[in-house]
Amino acid sequence: MARQVRVRFAPSPTGEPHVGNIRTALFNWLYARHMGGVFILRIEDTDVARKVEGALEAILASLRWLGLDWDEGPEVGGPYGPYVQSQRLKLYEEAARKLVEGGDAYHCYCSPQRLQEMREEQTRRKQPTGYDRRCRHLDEGERARAKAQGIPPVVRFKMPLDGQTPFDDLIRGEVTFANETQDDFVILKSDGYPTYHLASVVDDHLMEITHVMRADEWLSSTPRHVRLYDALGYEKPLFAHLPIILGPDRSKLSKRHGAVSVLHYRDTGYLPEAMGNFLALLGWSLDDHTEVIPREELIRHFSIERIGKAGAIFSQEKLAWMNGMYIRQMSQEALAGRILPTLEEALPAAVSRPLSGEYVHAITPLVQERLKTLADAPPLMDFFFLEELEYPHEELVQKGLDRDSTRKALEAALGRVAALDAWSAPSLEDVLRPLAGELEMKTGQLFGAIRVAVTGQRAAPPLFETMAVLGRDRCTRRLRAAIERLVSR
RNA sequence: GCCCUCAUCGUCUAGCCGGCCCAGGACGCCACCCUUUCAAGGUGGAGAUCAGGGGUUCGAAUCCCCUUGGGGGCACCA
């Protein structure tokens with residue numbers, strides 16, 4: 001039996017995770033679940049300066065919102081912990097020391113200023129940029145002198161000077177880098193923290209990660225990792241570099257493209273099911289026609305083989321459509337349950353709380369197929385809750401009618417409706433539909449006037465159902481108010 | 001500048017171990033139907049000489065080469 005699959009999502013707590021990061025998490029999670037493997041969450045907080053307060057919480061919240069549960073990691077623990085790199089510093093120091101002692105790494109005393117000047121000079125001369133290896137060649141005396149000056153050194157890894165570093169990528173195939181294009185990169189910073197390269201290699205090994213599935217931007221540093229694995233005597237994991245998610249301008253998706261935070265989508269009324277489905281389709285496909293894929297199906301069918309190679313633009317429009325699909329698929333109960341809190345939050349303060357769950361439940365089927373996001377609900381439903389409707393009285397006057405005829409029509413409608421025994425959609429329709437003919441106007445004209453009177457809007461859910469839910473009292477009051485508006489200019 | 005990488009409708013993509021593809025689906029867009037408005041739904045349409053050029057082959061979106069274009073990387077950031 002093959003070894004159990006162990007994959008990880010390894011974000012750094014530098015802000016709210018964006019959709020690209022989470023897509024990486026999703027792919028790892030799907031793969032783990034598909035293979036009956038283990039999904040590990042590891043926090044890569046080795047950059048003290050970039051650490052952002054609350055970022056870890058945002059990461060956990062994002063994953064939880066999307067239903068991406070981790071088998072090992074923060075808050076759940078596991079046999080390979082701790083899962084936060086700042087708590088594993090000794091491990092990296094030890095690895096770095098071993099490398100130095102074994103001749104695979106060395107201390108470097110070059111100042112940041114010198115490195116910067118070196119890079120500028122290289123750029124000016126249109127030379128490839130990279131560390132010039134000065135400290136690799138220090139003799140005993142120079143080394144002792146630098147040490148004596150008390151300069152805190154960094155540790156650099158000795159990349160081979162010639163030859164090649166090839167590796168297999170599950171998505172790209174074989175990728176080869178010429179070693180002469182590689183420089184001696186830093187593995188341990190002067191503050192004692194490791195860089196990503198060292199920390200991720202050490203941890204992936206210690207945590208027995210079998211597949212490193214990460215964003216494509218890591219492809220070019222993979223030869224470093226390959227060399228590190230070899231020097232450390234570690235067995236290498238399999239690599240899979242995921243295509244990048246792009247903004248509309250085809251550059252890597254970032255804040256400047258607008259809404260990229262996963263939590264933002266949560267807060268603006270997107271469903272995690274829809275988000276997950278949409279993200280899964282960004283770089284992966286099931287076949288030539290399936291778009292809406294339930295989570296269990298995603299797990300059942302997910303495979304690395306069907307991950308594409310080209311970057312994909314994040315399409316807000318398609319996400320919105322997908323979200324609408326999921327909203328329409330929901331049960332009335334479930335949807336009402338999700339709408340209620342957004343209403344509580346977004347409706348004007350004048351509307352008394354708490355809102356009636358029963359009432360919301362009654363309205364829900366009227367708006368269900370009109371929602372793209374949950375955030376669409378409040379403006380679509382507010383007239384169900386407001387006491388006074390605000391609208392310009394001209395809205396009442398439908399095309400082909402004037403003030404007077406509209407007023408008369410509304411008066412007639414009010415009369416019919418007030419006399420009704422049973423207040424229901426069918427009975428309202430029974431009495432109002434014939435009225436249009438009697439008034440010699442089109443149904444659209446009559447109904448349009450009533451709609452504005454009763455909802456304050458030209459576009460609203462079906463009239464009779466709406467009136468039925470609103471109730472006799474509200475409807476007759478609103479009809480009277482509308483007539484009043486037309487009388488007093 | 002150097003290294004790596006990618007390339008099918010505006011977008012996401014299927015097809016890519018060659019013929020079933022003068023390229024299929026979806027989003028968006030446009031019509032029409034349904035209809036009391038708005039949606040939803042239905043039907044249809046526009047939209048890709050498969051980046052371009054060379055090969056290989058009876059036959060190429062599919063294989064090879066080159067070019068072009070895009071993207072990513074080139075930190076004591078991840």
Side-chain angles (χ1 to χ4, degrees), chain A residues 10-14 21 44-47 49-50 108 110-112 115-116 119 122-131 152-156 169 172 175-178 180-183 185-197 199-200 214-223 241 243-244 246 248 250-252 278 281-292 306 308-322 324 328 367-372 380 398 429 432-433 436 442-452 455 457-464:
Chain A
S12 58
T14 54
N21 302 138
E44 311 226 319
D45 58 345
T46 55
D47 187 346
R50 289 213 309 159
C108 168
C110 293
S111 69
L115 294 175
Q116 194 188 329
R119 263 192 301 273
Q122 288 165 336
T123 305
R124 194 173 316 124
R125 288 172 32 201
K126 296 191 187 270
Q127 294 295 305
T129 54
Y131 181 56
V154 302
V155 178
R156 285 183 186 273
D169 186 279
R172 317 268 153 196
V175 181
T176 304
F177 286 79
E180 57 182 342
T181 65
Q182 305 287 312
D183 72 347
F185 57 99
V186 174
I187 56 176
L188 204 64
K189 307 179 225 177
S190 56
D191 64 1
Y193 278 73
T195 59
Y196 168 85
H197 308 299
S200 69
R214 80 232 296 194
D216 189 58
E217 58 227 64
W218 292 108
L219 189 65
S220 50
S221 45
T222 303
H241 288 93
I244 296 262
L246 279 13
R250 292 216 149 267
S251 69
K252 186 162 72 164
F278 174 75
L281 258 18
L282 236 40
W284 177 85
S285 64
L286 173 57
D287 53 32
D288 62 346
H289 66 278
T290 312
E291 305 283 339
V292 177
R306 289 198 66 83
K309 297 177 176 185
I313 293 177
F314 185 88
S315 164
Q316 300 263 162
E317 292 74 36
K318 190 153 183 177
L319 204 212
W321 165 80
M322 180 75 75
R328 274 171 255 130
V367 298
Q368 183 154 18
E369 61 196 28
R370 275 156 257 265
L371 299 179
K372 272 203 159 42
L380 221 57
Q398 301 298 295
E429 181 159 12
L432 290 175
R433 190 172 288 281
K442 292 186 208 148
T443 49
Q445 294 176 312
L446 205 221
F447 297 170
I450 301 175
R451 175 176 301 107
V452 173
T455 70
Q457 296 169 0
R458 280 174 175 259
L463 184 57
F464 307 118

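Chain A is the first sequence line, chain B the second, and so forth, proteins listed ahead of strands; every chain is numbered from 1.
- Residue contacts shown for A:L371 are absent, as no nucleic acid heavy atom lies under 4.0 Å away.
- Close to B:C38, at under 4.0 Å from its OP1 or OP2, lies no side-chain N or O of A:R458.
- If you check B:C2, B:G15, B:U37 against the side chain of A:R370, the one that comes closest is B:U37.
- As judged by a 4.0 angstrom heavy-atom cut-off over every strand, A:T46 is placed among residues touching the sugar-phosphate backbone only.
- Nearest to the side chain of A:W321, among B:A26, B:A7, B:A14, sits B:A26.
- A:R214 comes within 4.0 angstrom of nothing in the nucleic acid, heavy atoms only.
- Using a 4.0 Å heavy-atom criterion, one finds that A:E44 contacts the sugar-phosphate atoms exclusively.
- Note on A:K442: nothing from the nucleic acid sits closer than 4.0 angstrom, heavy atoms only.
- Contact annotation: A:R250 side-chain N/O to B:A7 OP1/OP2 distance is not under 4.0 Å.
- Looking at heavy-atom distances under 4.0 Å, A:V186 makes contact with sugar-phosphate atoms alone, never a base.
- Between A:P153 and A:I244, the one whose closest nucleotide on RNA chain B sits nearer the 5' end is A:I244.
- Rounded to a whole Å, the CZ atom of A:R119 is 19 Å from the P atom of B:C2.
- Protein atom NE2 of A:H289 is 14 Å distant from nucleotide atom C1' of B:G15, rounded to whole Å.
- Using the Watson-Crick or G-U wobble rule with both distances under 3.5 Å, B:C63 pairs with B:G55.
- Distance check: A:E291 CD to A:L286 CG gives 10.0 Å after rounding to the nearest 0.5 Å.
- Contact check, A:S220 against B:C3: no side-chain N or O comes under 4.0 Å of OP1 or OP2.
- If you check B:U37 for Watson-Crick or wobble pairing at under 3.5 angstrom, you find it has no partner at all.
- A:D287 and A:H289 get closest at one heavy-atom pair: OD1-N, 2.8 Å.
- A distance of about 15 Å separates the P atoms of B:C64 and B:U56, rounded to the whole Å.
- Residue contacts for A:P243: at a heavy-atom cut-off of 4.0 Å it reaches no nucleic acid atom on any strand shown.
- Taking the P atom of each, B:U49 and B:U8 are spaced 12 Å apart, rounded to whole Å.
- Across all strands, A:L219 comes closer than 4.0 Å only to sugar-phosphate atoms, never to a base (heavy-atom distances).
- Residue contacts shown for A:A460 include a base, since a base heavy atom lies under 4.0 Å away.
- Comparing the same atom, C1', in B:G28 and in B:C34 gives a spacing of 22 Å after rounding to whole Å.
- Across all non-hydrogen atoms, the minimal contact from A:R328 to A:E369 is CG-CA, 3.8 Å.
- Using a 4.0 Å heavy-atom criterion, one finds that A:P11 contacts no nucleic acid atom at all.
- With a 3.5 Å ceiling on both atom-pair distances, the Watson-Crick or G-U wobble partner of B:C29 is B:G45.
- For the residue pair A:H241 and A:A215, the shortest heavy atom distance occurs at CD2-O, 3.6 Å.
- Across the strands present, B:C2 finds its partner in B:G73; the criterion is a Watson-Crick or G-U wobble pair with both atom distances under 3.5 angstrom.
- Contact between the side-chain N/O atoms of A:K318 and the OP1/OP2 oxygens of B:C12 is not found at any separation under 4.0 Å.
- The pair A:D183-A:R156 does not meet the salt-bridge criterion, since no charged nitrogen lies less than 4.0 angstrom from a carboxylate oxygen.
- Counting all heavy atoms, side chain and backbone alike, A:Q122 lies closest to A:T129 at OE1-CA, 3.2 Å.
- Of all heavy-atom pairs spanning A:D47 and A:K189, the tightest one is CA-NZ, 3.8 Å.
- Taking 3.5 Å as the limit, the base of B:C76 and the side chain of A:S190 contain a donor-acceptor pair of atoms between them.
- Among the atoms of the strands shown, only primed sugar atoms or phosphate atoms (P, OP1, OP2) are found under 4.0 Å from some heavy atom of A:S251.
- Distances shown here put every side-chain N or O of A:K189 at or beyond 4.0 Å from the OP1 or OP2 atom of B:A75.
- Using the Watson-Crick or G-U wobble rule with both distances under 3.5 Å, B:A7 pairs with B:U68.
- Counting non-hydrogen atoms under 4.0 angstrom, A:G308 reaches nothing in the nucleic acid.
- Nucleotides B:A7 and B:G15 place their C1' atoms 16 Å apart, quoted to the nearest Å.
- A:Y193 comes within contact range of no nucleotide atom at all, as no heavy-atom separation falls under 4.0 Å.
- Among all heavy-atom pairs drawn from A:T46 and A:P194, the shortest one is CB-O, 3.4 Å.
- Using a 4.0 Å heavy-atom distance criterion, A:T181 is classed as a sugar-phosphate-only contact.
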